[in-house]
Amino acid sequence: MNQPIQTPAAIHGCNDFVIKFANVNGSGSASANELFARAIIRMGVTVAPRNIFPSNIQGMPTWYELRVSSEGWLGRRGGCDLMVAMNPQTWDRDIAEISPGGYLLYDSTKNLPRSKFRDDLNIIGIPLTELCNREYTDARQRQLFKNIMYVGALAALLDIDLQEVERLIGEQYRGKEQLIDANRKALKIGCDYAQANFTCPLGLRIERADMIGDRIIIDGNSACGLGAVYGGATVAAWYPITPSTSVIEAFSSYCRKYRVDPDNGASRYAIVQAEDELASIGMVIGAGWNGARAFTATSGPGISLMQEFFGLAYFAEIPAVIYDVQRGGPSTGMPTRTQQSDLLSCAYASHGDTRHVLIFPEDPYECFTLGAQAFDLAERLQTPVFVLLDLDIGMNERLCKPFDWNDDYKYDRGKLMTEADLEAGKDFGRYLDVDGDGIPWRTIPGTHPTRGAFFTRGTTRNAYAKYSETGADYVYNMERLRRKLDTAKKLVPAPILRTASLPTTIGVIHYGSTSAAMEEATAQLEQCNLHVDTLRVRAFPFSDEVADFIERHERIFVVEQNESAQLRTLLINECEIDPKKLLRVLHYDGTPITARFIADSITRALSAADASSQQTRKVAS
């Protein structure tokens, strides 16, 4: 029996709510949920979708959370206003998550006892299984079209233009008319049932707007793959690991489109799945030594395994790019949850005194642009460059600016001696600091038949690459490498400063995927008359602007998604900052950080500090 919708104090919102889909992994729900999100985008409304999925393949719970924001916010809000509960295994957990006055849509084919519901929710029961069984005989079709039916029902309940959904179905299955007709039929069944049995729309609804502009929606890993093509990469070596595998899959797909000789069809790229992570980074370094632009994609466990080769590339000064799509650690940790927990292991990767260049993109647009730039930096600095994104950016689609693709873009290959230079007798010292910036000149093997570099190794040597165990030669190289890092400060992407509307002594430093939540948190704080300047760090080594920002403020909050405050540690170590000045805001449960969490953390810390200061003054008086 279908239960009628209840009427407690219902949540109302136009273009401003969170809907969450609770499904079973492998049930085919992903494409239906994405169809729903894209239909809202087609209506000109900002959405921020996020997948929450298990690390196994099939049968376990999975969630798809979609934030609809009239203000254009792209960070995770937290909470849930409408739950589409399609998984009996997680029913109790899903029901508990809905905000009071929220809505529950569920499959009412099987009657549930009253005790399974909450009195403060609006219940929408639709017999989806019954409707599917009536229309379809194939078991797989019944499962798949049940998902499309609830999309149709939601279109009616939320006042979404059904024609937009139908157009998307036509685009998705172009040339497959039977699939188009079948999906549109299921969509209409769900829509018709909702309109016949419930008052439509609900208190929550979608209204056409003009908020999207020319933005695109894409996931960060795909953007990295395309950015690698644009950045000139021709070699990728990897070993599969969640959540980075789709970087290589995207690179492979784009290479088939852009890296094939139009005359003879020959592939002008090499993608190698190595036997393990150590072998993959070894192949990348070998390709880089031979003049190719090469990269690997991995996550925290892979970074741990690659440490020895990172040291080789750093000390032998070989270009390489490493995409690290961070996940929850340590060890296997949480393979399908997000964190920013690899900063220290990447910044100081390998034994001995190493410091590596790190890039921190905030969204797919920067995954593309800064990812492409990483290949220029790797060659100009002759060193490994790490592009640190995380699962939240990498595996979730996000609205972002369209990518800038310039066919006239010229690669910066750095200091390369030519055959003519060598033939003319130009002094070639592979590790000689000619220009005072710590960066030596290099040759690609084969540039000249008898001159230039043909071999390399990770042992100590003098400026002319001759083996040496002399202390003075070792010190010369280490000091030169330090100068090179100082040069890198001027070349890496600069931090982004946001100044508060009123003068303030409080600053916030953040990076990467915290950006969307931080932007919204700043607005929330200003509504409470708390004004903060923010600085989004985009690279390590830190430019002078970072230390200057810290110097200008009395208190600095450092917002990051790990337990050990790794960015704060880097700031203290590299900028020689008093630790008491840098206050932690740490979020590390595996879900993306929210604006509410940031704003509440800063508010509580400031309130506690003010209370402590007042108590101190009272005692002193």
Side-chain angles (χ1 to χ4, degrees), residues 20 22 25 48-57 60-65 75-78 90 93 97 219-221 224 238-248 277 296-307 322-349 358-363 367 386-398 510-518 558-570 584-598 601:
K20 195 167 185 178
N25 199 31
R50 282 174 173 82
N51 278 298
I52 306 167
F53 56 96
S55 55
N56 67 348
I57 297 174
M60 294 292 286
T62 183
W63 293 268
Y64 185 79
E65 182 180 287
R76 183 169 174 262
R77 193 201 74 180
T90 60
R93 170 181 172 181
E97 191 175 342
D219 64 272
N221 283 358
C224 286
W238 67 303
Y239 186 78
I241 183 171
T242 301
S244 70
T245 297
S246 55
V247 173
I248 302 295
E277 286 89 349
T296 190
T298 189
S299 191
I303 295 294
S304 297
L305 290 167
M306 296 176 184
Q307 294 284 311
I322 301 95
Y323 288 96
D324 178 9
V325 189
Q326 298 167 94
R327 70 189 208 185
S331 188
T332 303
M334 297 189 291
T336 58
R337 298 292 183 268
T338 195
Q339 273 188 8
Q340 296 174 315
S341 53
D342 295 347
L343 268 73
L344 293 177
S345 61
C346 289
Y348 302 123
L358 313 181
I359 306 294
F360 308 127
E362 69 162 345
D363 65 0
C367 286
F386 294 77
V387 181
L388 270 68
L389 57 157
D390 56 39
L391 184 146
D392 184 31
I393 301 174
M395 296 195 71
N396 288 315
E397 291 188 321
R398 188 175 299 189
H510 64 104
Y511 67 104
S513 64
T514 60
S515 174
M518 187 67 243
V558 184
V559 180
E560 48 188 319
Q561 298 184 84
N562 57 70
E563 184 273 336
S564 54
Q566 294 184 27
L567 178 60
R568 178 178 179 272
T569 300
L570 271 181
R584 303 174 179 87
V585 177
L586 305 176
H587 183 275
Y588 48 89
D589 67 0
T591 62
I593 195 168
T594 66
R596 293 175 181 178
F597 180 90
I598 296 172
S601 298

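Position 1 is the first residue of the sequence; numbering continues from there.
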Report task. Give the minimum heavy-atom separation between Pro54 and Thr62, together with the two atoms involved. Result -> CD-CB, 4.1 Å

Query raised in the report: Is Trp238 close to Val247 at the side-chain level, that is, under 4.5 Å between some pair of heavy atoms?
Result: no

Query - Leu570 vs Tyr348 side-chain heavy atoms within contact, under 4.5 Å - result: yes

Query raised in the report: Is there a donor-acceptor pair under 3.5 Å between the side chain of Asp390 and the backbone N or O of Ile393?
Result: yes

Requested in this report: Locate the shortest heavy-atom distance separating Thr594 from Ala517; write the atom from each residue and the value.
Outcome: C-CB, 3.8 Å

Query raised in the report: Does the side chain of Asp392 pick up a donor-acceptor pair with the side chain of Thr338 at under 3.5 Å?
Result: no

Report summary line: When rounded to the nearest 0.5 Å, the distance separating CE of Met518 from OG of Ser513 is 13.5 Å

Query raised in the report: Is any side-chain heavy atom of Thr296 less than 4.5 Å from a side-chain heavy atom of Met306?
Result: yes

Query raised in the report: From Gln561 CD over to Arg337 CZ, what is the distance, rounded to the nearest 0.5 angstrom?
Result: 13.5 Å

Query raised in the report: Taking it one step at a time, do His587 and Thr514 satisfy side-chain contact (heavy atoms from CB on, under 4.5 Å)?
Result: CA-CA 10 Å; His587 183 275; Thr514 60; over 6 Å; no

Query raised in the report: Under 4.5 Å between any side-chain heavy atoms of Arg93 and Trp63, yes or no?
Result: yes

Query - Any donor-acceptor pair under 3.5 Å from Glu397 side chain to Pro49 backbone - result: no

Query raised in the report: What is the minimum heavy-atom distance between Leu389 and Pro361, and which atoms define it?
Result: CB-CG, 4.2 Å

Query raised in the report: Does Thr332 reach the side chain of Arg327, with side-chain heavy atoms less than 4.5 Å apart?
Result: yes

Query raised in the report: Can you name the closest pair of heavy atoms from Arg76 and Arg50 and give their distance?
Result: N-NH1, 3.6 Å

Query raised in the report: Between atom CG of Leu343 and atom CZ of Phe386, what is the distance when rounded to the nearest 0.5 Å?
Result: 11.5 Å

Query raised in the report: What's the verdict on side-chain contact (heavy atoms from CB on, under 4.5 Å) for Leu567 and Gln340, showing C-alpha distance, side-chain angles and the deciding distance?
Result: CA-CA 9 Å; Leu567 178 60; Gln340 296 174 315; over 6 Å; no

Query raised in the report: Any sub-3.5 Å donor-acceptor pair from Glu560's side-chain atoms to Arg568's backbone N or O?
Result: yes

Query - Min side-chain heavy-atom separation Met395-Asn51 under 4.5 Å - result: no

Query - Derivation and outcome, side-chain contact (heavy atoms from CB on, under 4.5 Å), residues Tyr511 and Leu388 - result: CA-CA 10 Å; Tyr511 67 104; Leu388 270 68; over 6 Å; no

**Report entry** Reported OG-to-CD distance for the pair Ser345 and Gln307, which is rounded to 0.5 angstrom
**Finding:** 6.5 Å

Query - Distance, nearest 0.5 Å, that separates CG of Leu391 from OG1 of Thr591 - result: 11.5 Å

Query raised in the report: So do Asp363 and Ser515 actually touch side chain to side chain, heavy atoms under 4.5 Å?
Result: no

Query - Pairwise distance CE(Met334) to CG(Asp589) - rounded to 0.5 angstrom - result: 7.0 Å

Query raised in the report: If you take all heavy atoms of Thr336 and Phe53, which pair is closest and at what distance?
Result: OG1-O, 2.7 Å

Requested in this report: Considering non-hydrogen atoms only, spot the tightest contact between Gly329 and Gln339 and give its length.
Outcome: N-OE1, 3.6 Å

**Report entry** With Glu277 via salt bridge (charged side-chain N to carboxylate O under 4.0 Å, His left out) - residues at least two apart
**Finding:** none

Query raised in the report: Do Asp324 and Ser299 have side-chain heavy atoms sitting under 4.5 Å apart?
Result: yes

Requested in this report: Any chance you could lay out the side-chain contact (heavy atoms from CB on, under 4.5 Å) test for Ile303 and Ile322, step after step, and finish with the verdict?
Outcome: CA-CA 9 Å; Ile303 295 294; Ile322 301 95; 4.0 Å; yes

**Report entry** Tyr239 OH: over 12 foreign heavy atoms closer than 6.0 Å
**Finding:** no

